[in-house]
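Report on one structure; see the data block that follows.
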Amino acid sequence: MNTEFYLRVLKILKRIPPGRVATYGQIALYAGNPRAARQVAWILHSSSEKENLPWQRVINQQGFISLRPGAGFEYQQALLLAEGVLSDHSGKIDLHRYLWKPKKLL
DNA sequence: AACCTGACTTCGG
DNA sequence: TCCGAAGCCAGGT
């Protein structure tokens, strides 16, 4: 794997403040590879626990949690709720309201 | 090496 | 707005 990309993703993830969310594609973009959204997902899946990452703050471009019901969806939704990130009846999170917009990169 | 899979995105109908 | 297909890239078999 691309170690440099991996490390940059970790640094960026750790900057996402509580109560805000980011998208996979957004993280990939900031880390220097706009097309690596799936790799960001893979990194979260494999390293979120040992790296102590705020994995719950990463959702897809549509504003939905990508985990499937019964496979972490409810848990992620609960963690976000505890931070003040609400979702509507369909499970959609308002990105206009909660999306993390860093002033400057790195 | 070939093929499958996935916590993704984008584009076209 | 709502799918489905295609593009994407890395890991696992």
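Note that the structure is predicted; figures quoted are calculated from it, not measured. Here is the naming used below: chain letters follow the sequence lines, and residue numbers restart at 1 for every chain.
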Nearest-angstrom distance from the residue atom CZ of A:F64 to C1' of C:dT1: 12 Å

Any side-chain heavy-atom pair of A:L86 and A:L81 under 4.5 Å: yes

Rounded to whole angstrom units, what separation is found between the CD atom of A:Q39 and the P atom of C:dC8? 12 Å

Give a yes or no on this: more than 12 heavy atoms of other residues, nucleotides or ligands lie within 6.0 Å of atom CD of A:E4. no

Is the backbone N or O of A:S87 less than 3.5 Å from a side-chain atom of A:Q77, with the two atoms forming a donor-acceptor pair by type? no

Nearest-0.5 Å distance that lies between atom CG in A:L44 and atom CD in A:E51: 11.0 Å

From CZ (A:F64) to CZ (A:F73), nearest 0.5 Å: 8.5 Å

Just the rounded figure in Å: distance from P of C:dC8 to CG of A:N33. 11 Å

N/O to N/O distances under 3.5 Å, protein versus nucleotides 7-11 of chain B:
residue, atom, partner, partner atom, Å
B:dA7, N7, A:H45, ND1, 3.3
B:dA7, N3, A:Y24, OH, 3.1
B:dC8, OP1, A:S66, OG, 2.9
B:dC8, N3, A:R38, NH1, 3.3
B:dC8, N4, A:R38, NH1, 2.8
B:dT9, OP1, A:Y24, N, 3.1
B:dT9, OP1, A:G25, N, 2.8
B:dT9, OP2, A:Q61, N, 2.9

